[in-house]
Structures are given as structure tokens and as C-alpha cells.
Amino acid sequence: MSDGGGGATPILTRVGEIAAHEGAYVELRGWLYNMRSSGKLHFLQMRDGSGVIQCVAFKGEVSEETFALCGELAQESAIVVRGDVRADERSPLGFELGVREVELLSAPETEYPISPKEHGVAFLMEHRHLWLRSTRPHAVLQVRNEVISACREFMADGGFTLVDAPILTPAACEGTTTLFETDYFGDTAYLTQSGQLYMEAAAMAFGKAYCLGPTFRAEKSKTRRHLTEFWMIEPEIAYCDLAGDMEVAESMVAHIVDRVLDRCTDPLRVLERDTAPLEAARKAPFPRLSYDDAIEILKDEGSSIEWGSDLGGEDETLLSANYDAPLLVHRYPAQVKAFYMKADPDDERLALCVDMLAPEGYGEIIGGGQREDDLTILEGKIAEHGLPKEAFEWYLDLRRYGTVPHAGFGMGIERVVTWLCGLKHVRETIPFPRTLQRIYP
RNA sequence: UCCGGCGUAGCUCAGUUGGCAGAGCGGCUGGCUGUUAACCAGCAUGUCCUAGGUUCGAGUCCUAGCGCCGGAGCCA
């Protein structure tokens, strides 16, 4: 292997591994991100998906053809560059490439739409397929990748089995108004809005199970926290109560935060995320607050909220502002929660449920709780909510055959990524966002 | 579904009381041996969202529509 300049055959590598090749003659395959010229010098900013490196072509050191070609390259030209890796203090990367040869594989047909200057979000989203190449989306999606890896790692280490939930479902979990309908060979099917009910079946089969997949909500929400298609991880645990559920939830989030802080320093720096506030979320346990106490605090702080109503966005922000770490709010009134929540034996008005509120005003990232495991009570609740019993027969079977206390939760991947990256809007945390107004590209 | 805001060059925007359509960036041409969103000089660029209306005259005022953005509710 060549470890010095002058070798006839370049080492094929990527920008991300360039530090291992200092002094070597290498080949990089990528695209022109930006260029600056200075008479007898061309500075090519080249990206290859793993990073950006400056390639310097000096008139005296390359052929006339190569130097002329460098001067004519347009943004996003596909290029192969061969040259010598050298350390340089002026480079943010620490290294630059002294160009020997440049090969143009394809030039853009017309001017690349996304110039390295300011653009509005609407324009960038219209060109999302190209915008992914830019530094900022690249950084956000790296964090997303790390969050999902951390989830899967936490689940595997905790003895959970991945059991994928179906995406096409026969009926609603909680009514059909917010579901996307689709034709299923003459019948109506719906796109899933939660894998939870299926995970309850999986928990009875595997003890600990989880799913991680897309979820669809046809809610006409137009806020920075909503997507119509988003990803959720939903663990479900047999022989688990609310206390155990909260411990799993906070441990998982702490694991995610710890891993992202360890491995995503570059992306977070690109995003100018102040990571100091995230340190408090690195270790469980997180603070807990009952709904009853939350209402008292909110009233003391001047909110007009009354016992019995759900917490609004402002209420959540107000509450979590008192804590550095995420906050677990538990035991909401049963009336504002789903039919499958188990009632608190100490106060039947309450549900054994929990929401996790991210700090810094990022709001709810987890919702979950202990499930109703008694057949008769569950049948009663299905009737109370006016749900079609036939559709839930399989779900009721789980209570007919070896029912046990069990609990679980759902965590929205995009909301977690939004919080960790310190973004204003969830739509940047998914590669191709679907919102009320957007299904292109 | 409700409330508010915006729509002018490829992009980001300015455009006064209604009076010739503008800037910066990007692009193109030229200059520069160390640039970091480089710099300097020059050139080109328009369905002023659409359809009506008021007016001698509308980017500007009025009406309707379309598109987008944000918030509420609802949620992860």
C-alpha cells in the first residue's frame, strides 16, 4: 500500500476517512459544492456524502487542460478528483487535497437551483430531493440516523424483539376521523395511526416487543410539531405496570441522548446546537409530576386551566420550564385519554398513563401507559366509546387467554430529533416530509 | 375547521400619497497565487399569483379565487 505521494495508483477513499491518508495519493468521487478562484488558483469545495474537502488546483502544478477544466466547473458537477492529502491549519477539516487530476463525469444541464446563499423554507422544501445534499439537512438526517440506531440498540440490549406492526389496518384504534382511507379490494382499509394494539399481542407472545415504523394521521394540523406521516417506536411489555413503563421510557431517552451527544458532535456543531441543556437528559431518572400536581402548579403560575382538561402546548412549556431534564407527567384524567388505558385503582377518575415532555418548550415526545387488562372493563369501555366491538374481538382475545398487567408507550422519532437538533420545525427531521400542504417531492 | 400573515428577477427582498420595475445574491464575461457565503470591474434577467373592478394612470386601492407560511384545536 502506498503511504506517500508519487504513487501511480491512487487509493480510493472518502472525505470522512481522509485523516487516515495524510500524505497519500488518493481518489475521491463526489460533487462540486462550491468554488472560488484566484487567477492561478482554483479552490474546489467537493462533497462526497461523508464530508466536504477543499481541493486546490495550482496552475503550476497541474496540466493546462486540468486547470482550465477546474475553472469551468459548475456547482453540483459530478467529479472524480485525484490528488495528494495534506494537512492544513486553514482548513476546517484539517486537511485539503492538492489536485493532480480532475475528471468530469457529468455537468449540470442547467444552473443548480440551490445556490450557497439564503433561501426560504418553501423553496427548499420544493427542492427537498436536492436540498438533502446541503450541509444542514445532511446534519439533521445524521442525527436522525443516530437516534434510530440508538433506539434499536437499546431495545436489543433490553431483550425486546422487533415485531413489525401492519400498516394497512381494518379499523381505527380511536375513531376514523383522523385516518387515511384506502381501497382494499372493494373494502375500506386505513393506514395505521399506531401499532400499539398489535404490540399488545406481540408482548403476550414475546414478553417484550417493539415496532418502529411509519404512522399516519389525517389530522388537519398546521403547526411546527405535526406531520401527516411520521415515525414512531412503540415498545410493549408484559408483566409491567406504569412505574416500570416510566423507567423504560426514561432509560431509552437517556440512552438516545447519550449516544447522540457522543457520536453527533459534528452535525450538532453544524446546526449550532448548544448541547449544554441536553446534558441533564443524559442520565435517568427524570423528574416526575402527577397531573393533579401539574394543575396546581399551572394555576399558581396564572393559567386558567381547570382539572379535567388536557394540557395545551403553553401549559406543557410552562411546566417543563421548571426542569432541565425531560418531565414525566402521569395519571391524567381518564376522560381525556384513550379507551385502552387502565384506570388508577387509587382514583378511578385517573388513567395509569404518562406523557414525557421534552425541555426547552419542545413538548410531548412520548405518550403511553398501563393497558386495561380486564375483559369485562375493556368491553365496557369499547361500548362507552361507541367503537365497533367486532373489530376488536382479536384484541379482546388477549384478555380472554392469559391476560396480565402490561404497559408500553410510543415515542415520536421526529419530535425527538427536532429537540436534540434544536430545530424550530419537525419537517426538517424526516427526509421527505408529508404535511397538510405538501406531498411533493 | 377557526384566526392571522405573505405572494414583485433563478433566490432573498425593497418599492413612499396611485405616476418610467429596483437592490443584494446567484448566472455570464474579464481580473487576481491562499480563498473560507472570497474580492474587484462589467453584462443580461420580469405573466409584479390569477380573474374582475375603481382610475387619465394600479406592483400599490376594492372584490373574488388560488397558492404558501404561522398559530389554535388535536396529537407523537
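To find a chain, count down the sequence lines: A is the first, B the second, and so on, and within it residues start at 1. Keep in mind that what you see is a predicted model, and the values were worked out from it rather than measured. FYI, side chains are in, hydrogens and waters are out, and symmetry mates aren't considered; it's all heavy atoms of this structure.
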Taking any heavy-atom pair under 4.0 Å as a contact, classify [X]: base, sugar-phosphate, or nothing.
X: A:Pro116; value: base
X: A:Ser37; value: base
X: A:Leu227; value: base
X: A:Gln54; value: base
X: A:Arg438; value: nothing
X: A:Lys222; value: base
X: A:Arg86; value: base
X: A:Ile365; value: sugar-phosphate
X: A:Phe123; value: sugar-phosphate
X: A:Gly39; value: base

Spacing of [X] atom [atom1] relative to [N] atom [atom2], expressed in whole Å:
X: A:Arg90; N: B:U33; atom1: CZ; atom2: P; result: 16 Å
X: A:Ile114; N: B:G27; atom1: CD1; atom2: C1'; result: 16 Å
X: A:Glu126; N: B:G10; atom1: CD; atom2: P; result: 15 Å
X: A:Glu111; N: B:G27; atom1: CD; atom2: P; result: 6 Å
X: A:Asp88; N: B:G34; atom1: CG; atom2: P; result: 14 Å
X: A:Glu89; N: B:U35; atom1: CD; atom2: P; result: 14 Å

If I pick the [atom1] atom on [M] and the same atom on [N], what distance separates them, to the nearest angstrom?
N: B:C69; M: B:G22; atom1: P; value: 31 Å
N: B:U55; M: B:U16; atom1: P; value: 23 Å
N: B:G46; M: B:A9; atom1: C1'; value: 5 Å
N: B:A37; M: B:G73; atom1: P; value: 41 Å
N: B:G59; M: B:C48; atom1: P; value: 8 Å
N: B:U50; M: B:C6; atom1: C1'; value: 16 Å
N: B:G27; M: B:G18; atom1: P; value: 39 Å
N: B:C39; M: B:U35; atom1: C1'; value: 9 Å

Any donor-acceptor pair, under 3.5 Å, between the side chain of [X] and the base of [N], if you only look at N and O atoms?
X: A:Ser115; N: B:G10; result: no
X: A:His226; N: B:C75; result: yes
X: A:Arg415; N: B:C75; result: yes
X: A:Glu118; N: B:G26; result: no

Using the side-chain heavy atoms of [X], tell me which of these nucleotides is nearest: [options].
X: A:Arg224; options: B:C68, B:G71, B:A76; answer: B:G71
X: A:Met232; options: B:C74, B:C11, B:A76; answer: B:A76
X: A:His119; options: B:C11, B:U33, B:C68; answer: B:C11
X: A:Ser221; options: B:G34, B:G73, B:C75; answer: B:G73
X: A:Phe43; options: B:G73, B:G34, B:A76; answer: B:G34

Identify all stems in which RNA chain B takes part, counting only runs of at least 3 consecutive pairs (Watson-Crick or G-U wobble, each distance under 3.5 Å), and give each as one range with another, ordered by first number.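 RNA chain B forms these stems: B:1-7 with B:66-72, B:10-13 with B:22-25, B:27-31 with B:39-43, B:49-53 with B:61-65.
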Are [X] and [Y] ion-paired here, with the side-chain N under 4.0 Å from a carboxylate O?
X: A:Arg47; Y: A:Glu76; result: yes
X: A:Lys337; Y: A:Asp355; result: yes
X: A:Arg282; Y: A:Glu279; result: yes
X: A:Arg225; Y: A:Glu364; result: no
X: A:Arg273; Y: A:Glu360; result: yes
X: A:Arg90; Y: A:Asp88; result: yes
X: A:Arg100; Y: A:Glu61; result: no

Considering heavy-atom distances to RNA chain B, does A:Glu96 or A:Asp310 have its closest nucleotide positioned more toward the 5' end?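 Between the two, 5'-proximity favours A:Glu96.
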If you assign A:Val56 and A:Gly410 each to the RNA chain B nucleotide with the nearest heavy atom, which residue ends up on the more 5' nucleotide?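 Comparing both residues, the 5'-ward one is A:Val56.
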Answer yes or no for this row: A:Phe230 ring on B:A76 base, centroids under 5.5 Å, planes under 30°.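 Stacked: centres under 5.5 Å apart, planes under 30°.
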Tell me whether the OP1 or OP2 atom of [N] has a side-chain N or O from [X] closer than 4.0 Å.
X: A:Lys220; N: B:U1; answer: yes
X: A:Arg225; N: B:G73; answer: no
X: A:His425; N: B:G70; answer: yes

Kindly check if the number of other-residue, nucleotide or ligand heavy atoms within 6.0 Å of NZ (A:Lys283) is above 12?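 At most 12 heavy atoms, drawn from other residues, nucleotides or ligands, come within 6.0 Å of this atom.
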Atom CG of A:Asp324 with >12 non-hydrogen neighbours under 6.0 angstrom: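 No.
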Answer yes or no: is there a donor N or O on one side and an acceptor on the other, between the side chain of A:Ser303 and the main chain of A:Leu298, under 3.5 Å?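 No, because the side chain of A:Ser303 does not come within donor-acceptor range (under 3.5 Å) of the backbone of A:Leu298.
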Determine the minimum heavy-atom distance between A:Val147 and A:Val417, stating which atoms define it.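 Residues A:Val147 and A:Val417, closest heavy atoms: CG2-CG2, 4.0 Å.
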